[in-house]
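Worksheet: the structure to be examined is printed underneath.
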Number of protein chains: 2
Amino acid sequence: MKKDRKIPEFKKYKYSVAAVDLAAFTIIENELNVLVVKMKYDPFKGERALPGGRIRTYESIDECARREFYEKTRIKNIYLEQLYSFGDVKRDPSMRIISVAYLVLVNNGGIDLKTTEKYEEICWIPVSKVPKLAYDHSKILKYALLRLKSKLTYTNIVYNLLPQKFKLSEMRKIYEIILGRELDKRNFRKKIFSLDLIKEVGKEAGVPHRPSKLYSFKVKKPMVVEIF
Amino acid sequence: MKKDRKIPEFKKYKYSVAAVDLAAFTIIENELNVLVVKMKYDPFKGERALPGGRIRTYESIDECARREFYEKTRIKNIYLEQLYSFGDVKRDPSMRIISVAYLVLVNNGGIDLKTTEKYEEICWIPVSKVPKLAYDHSKILKYALLRLKSKLTYTNIVYNLLPQKFKLSEMRKIYEIILGRELDKRNFRKKIFSLDLIKEVGKEAGVPHRPSKLYSFKVKKPMVVEIF
DNA sequence: CCAAAAGTGTTGGGGATACACCCATGA
DNA sequence: TCATGGGTGTATCCCCAACACTTTTGG
């Protein structure tokens with residue numbers, strides 16, 4: 001009986017608020033990093049979470065995700081993809097929020113991030129070192145990582161994590177980091193070239209070993225390509 | 001200038017309402033059918049649309065989808081999977097609605113459907129004969145069909161479209177209908193058996209030709225299986 | 001000449017595809 | 001015996017995975 005009383009407490013909210021949460025990734029020093037914030041206010045004050053915010057009535061969900069990310073990082077030119085909507089009744093203890101999760105990929109995550117009025121801190125941290133997150137954000141992060149792995153294997157989205165010009169070994173390294181396993185150098189090369197995705201655009205210089213050729217993507221549009 | 005005035009009109013809504021829309025499929029007479037309703041009220045009065053409804057504050061999104069489907073069809077035991085959230089500002093001309101689209105699969109769609117107070121009519125219609133739908137529902141339907149095709153090829157979800165006991169030819173027929181191409185009888189058989197998904201449970205009787213063996217799925221849980 | 005990373009070919013096996021004929025039953 | 005759909009085997013091809021040595025540069 002007592003248990004039953006718990007559910008109706010959410011009925012006091014007439015509306016379910018819609019929001020977005022961002023699982024944003026970048027590669028820093030051969031590690032996959034995710035953007036996390038430290039909450040400034042209750043509930044979850046002091047805990048880590050994914051950045052996010054409410055959807056305004058005059059913007060689409062994609063626009064909201066892009067705006068939120070820009071406001072928090074001042075980074076433009078990102079890749080953005082809707083993941084999944086999370087709406088458990090009690091995912092936010094303070095009110096009923098339905099959150100649309102987004103995958104964000106950035107190729108220059110190293111640049112400085114300023115904190116905002118909403119969060120105590122905002123920073124990139126290696127995925128391997130992420131603590132338990134507030135709300136259901138650990139679940140969202142897990143989901144985002146799954147999608148990222150999956151998309152790497154059958155699309156060209158890796159271009160969003162690479163600089164304009166890059167070495168093939170850098171590209172392979174990103175695959176190895178995210179998939180969590182080593183890839184054969186020769187087979188990787190064969191596969192990528194067979195897909196006709198990249199073109200040679202120069203040559204590395206000033207390295208104490210055989211210089212690498214530099215490549216660039218022919219097209220930077222999401223495509224299905226079946227890499228593995 | 002005039003154009004700019006159009007956007008702020010949506011600001012008059014303080015909240016974005018969250019809802020679900022259902023793309024529900026079943027096989028009827030060797031055709032893929034989708035559940036559509038005829039709208040009773042403006043806007044879109046008289047037009048066809050996918051069924052759907054608002055998310056209540058005390059139910060999760062999945063629960064809402066399940067409830068909506070049950071209320072409209074009185075069918076239980078369905079397969080349900082979240083697809084994507086649609087939230088263009090003007091997708092509903094009357095107010096700002098963010099809608100979480102669901103894929104629903106039913107294996108006994110032929111049973112009678114009663115209309116409800118909200119809709120003028122609710123019925124299954126062949127996907128090949130669906131007219132342009134209200135709201136952005138044509139877009140949702142297209143997305144759902146893509147996902148359905150895709151999921152057929154790498155999971156066992158086909159069991160949601162088959163009766164308890166079925167012939168292998170019925171199973172193959174469903175693949176052919178949804179994928180839109182013929183499949184080699186021998187190769188299909190080899191592939192399905194190699195995946196160890198189904199078991200023999202009997203034999204057809206009373207047909208004027210060699211009776212078919214009947215099969216049943218060993219497990220009815222979603223699994224990744226790479227069928228094609 | 002040494003260290004360091006880049007670049008390069010071949011082979012074997014497994015899974016996918018293509019393809020045609022016999023079988024079991026009811027009428 | 002005939003019409004109908006059910007059931008079966010083989011040969012080929014291509015893609016993937018495994019694997020080790022040579023090349024180019026700066027110091």
Side-chain angles (χ1 to χ4, degrees), chain A residues 27 29-30 149-150 152-156 158 162-163 165-177 179-216 223-228, chain B residues 27 29-30 149-150 152-156 158 162-163 165-177 179-216 223-228:
Chain A
I27 303 284
E29 288 168 11
N30 283 336
K149 277 188 196 183
S150 164
L152 262 198
T153 67
Y154 72 90
T155 75
N156 63 346
V158 67
L162 284 165
K165 294 179 178 186
F166 55 88
K167 300 190 282 184
L168 208 55
S169 60
E170 293 174 322
M171 182 168 168
R172 182 163 47 85
K173 191 72 192 168
I174 289 182
Y175 275 90
E176 292 181 339
I177 291 166
L179 299 183
R181 62 189 165 95
E182 290 203 341
L183 297 174
D184 182 85
K185 195 162 54 157
R186 282 163 293 189
N187 293 337
F188 184 81
R189 175 174 284 268
K190 256 180 295 181
K191 187 67 198 177
I192 298 301
F193 287 146
S194 79
L195 293 171
D196 195 34
L197 293 174
I198 61 178
K199 57 173 186 260
E200 208 182 315
V201 291
K203 211 174 168 186
E204 201 183 17
V207 289
H209 55 77
R210 177 169 177 173
S212 171
K213 288 173 182 168
L214 296 176
Y215 299 92
S216 196
M223 287 166 36
V224 171
V225 290
E226 297 291 346
I227 290 165
F228 297 113
Chain B
I27 303 283
E29 288 169 9
N30 284 335
K149 278 188 195 183
S150 164
L152 262 198
T153 69
Y154 72 91
T155 75
N156 63 345
V158 67
L162 284 165
K165 294 180 180 185
F166 54 88
K167 300 189 280 183
L168 208 55
S169 60
E170 292 174 322
M171 182 169 168
R172 182 164 48 84
K173 191 70 194 170
I174 290 182
Y175 275 91
E176 293 181 338
I177 290 166
L179 300 182
R181 62 189 165 97
E182 290 204 341
L183 297 173
D184 183 85
K185 195 162 55 158
R186 282 163 292 191
N187 294 336
F188 183 81
R189 174 175 285 268
K190 257 181 292 182
K191 186 68 199 178
I192 298 301
F193 288 146
S194 78
L195 293 170
D196 196 33
L197 294 175
I198 60 179
K199 58 173 186 261
E200 208 181 314
V201 290
K203 210 174 168 185
E204 201 182 18
V207 289
H209 55 78
R210 178 169 175 173
S212 171
K213 289 173 182 168
L214 296 175
Y215 299 92
S216 195
M223 286 165 38
V224 172
V225 290
E226 298 291 349
I227 291 166
F228 296 113

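Just so it is clear: chains get the letters A, B, ... in the order the sequence lines come, proteins before strands, and each one is counted from 1.
Computed from coordinates, the A:Phe228 CZ to D:dA17 C1' distance equals 12 Å when rounded to whole Å. Between B:Glu170 atom CD and D:dG6 atom C1' there is a gap of 13 Å when expressed in whole angstrom units. Rounding to whole angstrom units, CE of residue B:Met171 and P of D:dG7 are separated by 14 Å. B:Phe188 has its CZ atom 13 Å from the P atom of D:dG6, to the nearest Å.
Taking A:Lys190 as the reference, A:Asn187 meet the side chain to side chain contact (heavy atoms under 4.5 Å, CB included) condition, with sequence neighbours excluded.
Residues A:Phe193 and A:Leu168 are in side-chain contact: their nearest non-hydrogen atoms beyond the backbone lie under 4.5 Å apart. You'll find the side chain of B:Tyr215 stays beyond 4.5 Å of the side chain of B:Ile192, heavy atoms only. Using a 4.5 Å heavy-atom threshold, the side chains of A:Glu176 and A:Lys173 count as touching.
Of all the residues in residues 192-201 of chain B, not one reaches under 4.0 Å from DNA chain C with any non-hydrogen atom. For DNA chain C, the residues of residues 204-213 of chain A within the heavy-atom distance limit of 4.0 Å (strictly under) are A:Pro208, A:His209, A:Arg210, A:Pro211, A:Ser212, A:Lys213, sorted by number.
With rounding to the nearest 0.5 angstrom, the CD1 atom of A:Ile227 is 11.5 Å from the OH atom of A:Tyr154. Note that CG of B:Leu179 and CD1 of B:Ile174 are 11.0 Å apart. Values are rounded to the nearest 0.5 Å. Interatomic distance, B:Arg189 CZ to B:Ser169 OG, rounded to the nearest 0.5 Å: 9.0 Å. Distance OG1/A:Thr155 to CD/A:Glu226: 10.0 Å, rounded to 0.5 Å. Separation of atoms CE (A:Met223) and CG (A:Leu195) is listed at 8.0 Å; rounding is to 0.5 Å.
When the side-chain nitrogen and oxygen atoms of A:Lys203 are compared with OP1 and OP2 of D:dT25, one or more of them lie within a distance under 4.0 Å. For D:dG5, the OP1/OP2 oxygens have no side-chain nitrogen or oxygen of B:Ser169 closer than 4.0 Å.
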Atom pairs and distances, side-chain donor-acceptor, residues 197-212 of chain A, under 3.5 Å, sequence neighbours left out:
residue: A:Glu204; atom: OE1; partner: A:Ser212; partner atom: N; Å: 2.9
residue: A:Glu204; atom: OE2; partner: A:Lys167; partner atom: NZ; Å: 3.0

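The closest donor-acceptor contact from the side chain of B:Tyr175 to the backbone of B:Leu152 lies under 3.5 Å.
Taking every nucleotide of DNA chain C with any atom under 4.0 Å from a non-hydrogen atom of chain B, the first and last of them, 5' to 3', are C:dA16 to C:dG26.
Toward the 5′ end of DNA chain C lies the nearest nucleotide of B:Ile227, the other residue of the pair B:Lys185 and B:Ile227 mapping further downstream.
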Show each protein N/O and nucleotides 9-15 of chain D N/O combination with a separation under 3.5 Å, one pair to a line.
residue: D:dT10; atom: O4; partner: B:Lys190; partner atom: NZ; Å: 2.8

